[in-house]
S.K.: 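Before anything else, here's the structure in question.
Numbers restart at 1 for each chain; the letters A, B, ... are given by sequence-line order, proteins then strands. Quantities reported herein were computed from a predicted structural model and do not represent experimental measurements.
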There are 2 protein chains.
Amino acid sequence: MYHFRVATAGRDTGRRLRADAEHNTARILAAAEEVLAADPAASLERIGEAAGLTRATVHRRFASRRALLEALTEQLNQRYLTALDQSRADGAPPLVAFRRLTEIVFELKAGHRFAMELMSDETGCHGGLTPEVAAGLEEVFAQLREAGEITATGADWCRQVYLALLQEADQLPEDATDLVQAGRSKAELVVRAVVGALGGHGSRST
Amino acid sequence: MYHFRVATAGRDTGRRLRADAEHNTARILAAAEEVLAADPAASLERIGEAAGLTRATVHRRFASRRALLEALTEQLNQRYLTALDQSRADGAPPLVAFRRLTEIVFELKAGHRFAMELMSDETGCHGGLTPEVAAGLEEVFAQLREAGEITATGADWCRQVYLALLQEADQLPEDATDLVQAGRSKAELVVRAVVGALGGHGSRST
DNA sequence: GCTAACTGTGACAGCTGTGTATCACTTAAG
DNA sequence: CTTAAGTGATACACAGCTGTCACAGTTAGC
């Protein structure tokens, strides 16, 4: 677990937070994830309310709205990194690793795109993703390409298609017909769709 | 062409607008399309500025921000409708019609998703699309399915995948490798990706 | 050229969100 | 138990966007 440190007013004193305070920061981040996914322009008031806290407390844990968003994207990037690590732990074939990665991302229930697009202006590129995460994804697709699972060559295109389809599958109702056909597994649906979209199994000539 | 009528303060007097006024409303809509695509929370001030007009004028043509967004989505839905009509004009095979539809959408340079997600709360479903447009898209995919081009069965999934990939392709730089491989045609790239994503040419078993 | 229509400018009130600060109260941690 | 840390409640200043208005200047249309 990551231990937050006192950072009110932007100054990191190096002192440990009290247990309940650290717990509350986590609740705020979780609430922000949920609320901002529904409405990217939601106020800190609503986020605090969703976390069962006051707006003042939100401001104590995060000096500004911007700071909260940064912490949020950092958390999400961290999740992607661990998911990437876990997926390629053993020497499983690329497609299996890809499927595992997708499953983990869904389990983490990362409201996948909310903050990314909010921060995309600031980070400049990669749609809010850390360069490390982007590089990790690029490697995943490179291995899929070597294994002949896909034919698309552009890292940007592969990444964006993957993130977009993750997003769409996430919003799909549980009883969607396509989802049932894929064994009720959103990960399975996404894997098939992404591989197909990126030219899987036989490049087509229009 | 559609002739706007005097609607300041929400009242439609039935009187025709002066030519320059009508021209300006179009400029506002175009500017709004561009500005809101970059920043969905952009102020009317910035939209007016982009249109070379004052905020007051924006308010004269559209009684409220909400009214502007409604007009914007209506315009976009209208474009999709005409695109659907043109694509299935002659009895061309479904895949050809689909390709044509995608080309037209790209030509119209509809910043495809901006306002849709803004209005999605109000319209309730279909991601901001008119029921007619949604139905038209559903028919397109139904014919693709009959022709054996795709295997996915859910209308929602097909539509969302299509719109998502349109969006991603639209943001792709002109010199992307995948785009070059597809003959520098974003429409071509989208058609291949969508057909692949929706199970085109042989259903796969994981 | 005349007139009605349209625009620009500037000003105003109202609302919402942000960020800060203070004070009393509660609670975790030694 | 004692203390330092954390929270809730409240108030305040500030900024930005919205919506409306009035007035003067400009322009399209007959």
Side-chain angles (χ1 to χ4, degrees), chain A residues 1 3-29 31-32 35-36 38-72 118 121-122, chain B residues 1 3-29 31-32 35-36 38-72 118 121-122:
Chain A
M1 282 296 287
H3 284 283
F4 290 93
R5 298 184 176 276
V6 175
T8 308
R11 231 174 299 280
D12 189 330
T13 65
R15 184 165 34 79
R16 274 280 302 279
L17 282 179
R18 225 170 70 176
D20 55 344
E22 188 161 338
H23 180 242
N24 279 342
T25 52
R27 300 229 311 173
I28 294 173
L29 283 175
V35 172
L36 291 178
D39 176 17
S43 67
L44 299 185
E45 180 98 43
R46 284 179 51 191
I47 294 176
E49 185 185 11
L53 299 170
T54 324
R55 183 174 71 93
T57 303
V58 177
H59 271 108
R60 281 193 200 98
R61 305 279 118 244
F62 302 95
S64 69
R65 178 188 183 88
R66 176 187 174 84
L68 173 58
L69 293 183
E70 283 174 356
L72 208 50
L118 292 177
D121 294 338
E122 334 225 356
Chain B
M1 284 296 286
H3 284 284
F4 290 91
R5 299 185 174 275
V6 176
T8 308
R11 234 172 298 277
D12 188 332
T13 66
R15 183 166 34 79
R16 274 281 301 278
L17 283 179
R18 224 170 72 177
D20 55 345
E22 188 161 339
H23 180 242
N24 279 343
T25 51
R27 301 231 308 173
I28 294 174
L29 283 175
V35 172
L36 291 178
D39 176 17
S43 66
L44 298 185
E45 180 98 42
R46 286 179 48 191
I47 294 176
E49 184 186 11
L53 298 169
T54 323
R55 185 173 69 93
T57 304
V58 177
H59 272 110
R60 280 192 200 97
R61 304 279 121 246
F62 301 94
S64 68
R65 179 187 182 88
R66 176 187 173 83
L68 173 58
L69 293 184
E70 283 175 356
L72 207 51
L118 291 177
D121 294 337
E122 334 226 355

S.K.: Within residues 43-56 of chain A, find the residues that approach DNA chain C with a heavy atom at under 4.0 Å, and present them sorted by residue number.
M.R.: A/Ser43, A/Leu44, A/Arg55
S.K.: Taking only side-chain nitrogens and oxygens of B/Thr57, does any of them come within less than 4.0 Å of OP1 or OP2 of C/dC6?
M.R.: no
S.K.: Side chains of B/Leu17 and B/Arg61: does their closest heavy-atom pair fall under 4.5 Å?
M.R.: yes
S.K.: For B/Glu45, enumerate each residue passing the salt bridge (Lys or Arg N to Asp or Glu O under 4.0 Å) test, keeping only those at least two apart in sequence or located in another chain.
M.R.: B/Arg55
S.K.: Less than 4.5 Å apart, any side-chain heavy atom of A/Ile47 and any of A/Leu53?
M.R.: no
S.K.: Measuring from A/Leu69:CG to A/Leu29:CG, what's the distance to the nearest 0.5 Å?
M.R.: 10.5 Å
S.K.: Going by salt bridge (Lys or Arg N to Asp or Glu O under 4.0 Å), name the residues that satisfy it together with A/Arg46, two or more places apart in sequence or in a different chain.
M.R.: A/Asp39
S.K.: Applying side-chain contact (heavy atoms from CB on, under 4.5 Å), name anything that partners B/Ser64, two or more places apart in sequence or on another chain.
M.R.: B/Arg66, B/Ala67
S.K.: Can you measure A/Arg61 atom CZ to D/dG8 atom C1' for me and round it to whole angstrom units?
M.R.: 14 Å
S.K.: What pair of heavy atoms forms the shortest contact from B/Val58 to B/Gly48, and how long is it?
M.R.: CG2-CA, 3.7 Å
S.K.: Whether B/Asn24 contacts C/dC6 is assessed here as follows: a side-chain N or O lying under 4.0 Å from the phosphate OP1 or OP2. Is that the case?
M.R.: no
S.K.: For nucleotides 25-30 of chain D, just jot down a letter per nucleotide in 5' to 3' order: B, S or -, based on protein non-hydrogen atoms under 4.0 Å.
M.R.: --BSS-
S.K.: Looking at CG of B/Leu44 and NE2 of B/His59, how far apart are the two atoms once the value is rounded to the nearest 0.5 Å?
M.R.: 5.0 Å
S.K.: Just the rounded figure in Å: distance from C1' of D/dG19 to NE2 of B/His59.
M.R.: 5 Å
S.K.: Go through the N and O atoms of the side chain of A/Arg60 and the base of D/dG8, and report whether any donor-acceptor pair is under 3.5 Å.
M.R.: yes
S.K.: Report the distance from atom CZ of A/Phe62 to atom P of D/dT7, rounded to the nearest whole Å.
M.R.: 11 Å
S.K.: Using five pairs at either end of the helix from C/dG1-D/dC30 to C/dG30-D/dC1, determine the angle between the two local helix axes and round it to 10 degrees.
M.R.: 40°
S.K.: Only counting residues at least two apart or in another chain, list the ones meeting side-chain contact (heavy atoms from CB on, under 4.5 Å) with B/Asp20.
M.R.: B/Arg18
